[in-house]
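For the numbers below, each heavy atom of this structure counts, side chains included, while hydrogens, waters and symmetry mates do not. Here is how names work: the chains are called A, B, and so on, in the same order as the sequence lines, proteins then strands, and each is numbered from 1.
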There are 2 protein chains.
Amino acid sequence: MARRARSEMIEETRGKLVAAAREAFGRLGYADTSMDDLTATAGLTRGALYHHFGDKKGLLRAVVSAMDAEIDERLNAASATPDHWAGFVGRCRLYLETALEPDIQRIVLKDAPTFLGSDYLETSRHACHISLTARLAVMMADGVVHGGDAETLAHMINGALVDAALWIAEADDPAPRLARAIANLDLLLSGLRASGQS
Amino acid sequence: MARRARSEMIEETRGKLVAAAREAFGRLGYADTSMDDLTATAGLTRGALYHHFGDKKGLLRAVVSAMDAEIDERLNAASATPDHWAGFVGRCRLYLETALEPDIQRIVLKDAPTFLGSDYLETSRHACHISLTARLAVMMADGVVHGGDAETLAHMINGALVDAALWIAEADDPAPRLARAIANLDLLLSGLRASGQS
DNA sequence: CAATTAACATACGGGACGTATGCAAACTGG
DNA sequence: CCAGTTTGCATACGTCCCGTATGTTAATTG
């Protein structure tokens with residue numbers, strides 16, 4: 001009889017909780033999600049939750065970390081091109097589109113900054129952010145973009161994309177706003193490029 | 001004996017509640033602020049609150065509207081110069097500095113998007129945002145910045161500034177990060193300028 | 001001056017979080 | 001193979017907080 005290993009069952013429990021949390025947080029928001037309901041949905045009780053994650057915020061941390069890593073992986077996979085600049089611009093566009101997904105908007109872009117202090121985001125810094133910074137640094141070293149500060153620019157670009165994504169998703173029909181955003185993104189980024197043509 | 005007018009006392013009550021809310025929301029955050037404590041601090045009870053503002057979110061709406069209007073006024077006052085481009089850049093810098101204040105970060109930049117749906121921000125759209133959009137539109141009409149979409153760009157620029165401000169305020173010593181942000185802001189905005197010099 | 005309305009206080013119910021406690025299954029060492 | 005211990009998870013409890021329903025007093029209106 002398949003007597004499963006203990007560690008395996010633990011991982012399953014944690015996975016069920018994180019999955020249920022991602023769904024509930026994404027749909028209702030962190031604040032309006034009841035831990036009683038959430039754990040019941042996962043076939044468990046609050047006991048399991050507080051044992052594994054300490055408190056409600058601990059669960060949010062786990063969800064955010066997972067989502068952030070997942071997004072970063074997607075972006076890195078898609079922006080691995082020999083042309084640094086093209087890869088960079090492509091990455092920004094893809095991030096813009098990725099950030100349109102409701103779960104991501106609700107959990108990563110809104111709830112995470114609000115409920116996890118900047119202290120958390122500071123230490124377990126967004127993987128996406130690190131990747132973007134590194135990419136910018138490489139381009140500066142290669143002279144593709146002229147002098148500037150990679151870390152600072154990464155924050156600004158990220159903010160621009162986030163705000164644009166939230167605005168796009170507000171609309172009943174997001175398509176036109178997305179098109180406008182992509183066009184203006186190129187305009188904005190062109191200022192960073194060292195030598196001329198867009 | 002100074003028998004005060006009724007409308008005057010009402011305004012005083014509302015003012016006391018909004019003031020107490022601004023302080024408490026700014027210090028503890030919206031989620032961790034108890035309405036019992038808040039109203040007691042204002043020398044009132046929850047009865048007054050629910051009578052005037054409907055619910056907790058109603059009070060947050062009032063606080064955010066007031067803060068937003070106040071910020072917009074500050075920015076408009078400081079960026080009223082004959083040189084459109086200089087006024088625009090100056091406004092962005094001032095916004096960056098203004099957005100460093102803890103109350104504003106906590107209430108306007110974090111809690112407002114999280115707890116007031118985008119529906120609210122949509123209708124009672126940030127005064128700041130409207131002003132910035134208008135300013136961009138004027139510059140485009142005058143050919144100071146080349147073609148692009150004022151509304152879209154306003155969102156992107158705003159997002160860049162907000163994200164930068166949050167990042168700056170995270171640091172133990174914000175000064176160096178602020179300096180870096182201002183320098184890179186010029187770099188980023190230069191891409192918008194129609195003809196040449198920064 | 002009576003009637004009504006509005007500003008606020010008080011009282012109540014429901015729900016959510018975190019902790020303390022309990023239990024049973026799995027790991028440990030001899 | 002077995003006693004002791006650890007640990008994953010459930011149950012039970014106390015506390016806090018929000019929103020509503022109800023009451024009271026003072027101002028306004030005709």
Donor-acceptor pair, B:R177 side chain versus B:W167 backbone, under 3.5 Å?
yes

Give one of base, sugar-phosphate or nothing for A:L49, where a contact means two heavy atoms less than 4.0 Å apart.
nothing

Expected output: side-chain B:Q105 to main-chain B:K110 donor-acceptor under 3.5 Å:
no

How many Å lie between CZ on A:F115 and C1' on C:dC17, as a whole number?
14 Å

Just checking A:E70: does its CD atom have more than 12 heavy atoms from other residues, nucleotides or ligands closer to it than 6.0 angstrom?
yes

Within this structure, what is the CD-to-P distance between A:E12 and D:dG8, rounded to whole angstrom?
15 Å

First locate atom CG of A:L49, then atom CG of A:L17, and finally report the distance between them rounded to the nearest 0.5 Å.
5.5 Å

If only atom types and distance count, is the side chain of B:R135 paired as donor or acceptor with the main-chain N or O of B:R91 below 3.5 Å?
no

What is the distance from CG of A:L28 to C1' of C:dA16, rounded to the nearest Å?
14 Å

Given atom CG of A:L38 and atom P of C:dA16, what is their separation to the nearest angstrom?
12 Å

May I have the distance from A:F53 (atom CZ) to C:dG18 (atom P), rounded to whole angstrom?
14 Å

Dot-bracket notation for DNA chain C, counting Watson-Crick and G-U pairs under 3.5 Å, with | for partners on another strand:
||||||||||||||||||||||||||||||

What distance separates B:R14 CZ from B:H51 NE2, expressed to the nearest 0.5 Å?
9.5 Å

Does C:dC8 have OP1 or OP2 under 4.0 Å away from a side-chain N or O of B:H52?
yes

Write down the distance between CD (A:E8) and C1' (D:dG8), rounded to a whole number of angstrom.
15 Å

Sorted by position of nearest nucleotide on DNA chain D, 5' first, the leading residue of A:G47 and B:G54 is A:G47

May I ask you to evaluate whether B:H51 reaches the phosphate of C:dA7, defined as a side-chain N or O under 4.0 Å from OP1 or OP2?
yes

Can you see which heavy atom on B:N184 is nearest to which on A:L153, and at what distance?
OD1-CG, 3.4 Å

Between atom CE in B:M9 and atom P in C:dT5, what is the gap in whole Å?
22 Å

Starting at CG of A:D32 and ending at P of C:dG14, how long is that distance when rounded to a whole Å?
20 Å

Close N/O contacts between protein and nucleotides 14-18 of chain D (under 3.5 Å):
unit_1, atom_1, unit_2, atom_2, d
D:dC18, OP1, B:T33, O, 3.0
D:dC18, OP1, B:M35, N, 3.3
D:dC18, OP1, B:K56, NZ, 3.2
D:dC18, OP2, B:M35, N, 3.0

Which residue pairs pass the ring pair (Phe, Tyr, Trp, His ring centres under 6.0 Å) test when at least one of the two sits in residues 95-137 of chain B, sequence neighbours left out?
A:F115-B:F115, B:Y30-B:F115, B:H129-B:H155

Atom pair CG (A:L185) and CG (A:L161), whose distance is rounded to the nearest 0.5 Å:
5.5 Å

Any A:T13 side-chain nitrogen or oxygen under 4.0 Å from OP1 or OP2 of D:dC9:
yes

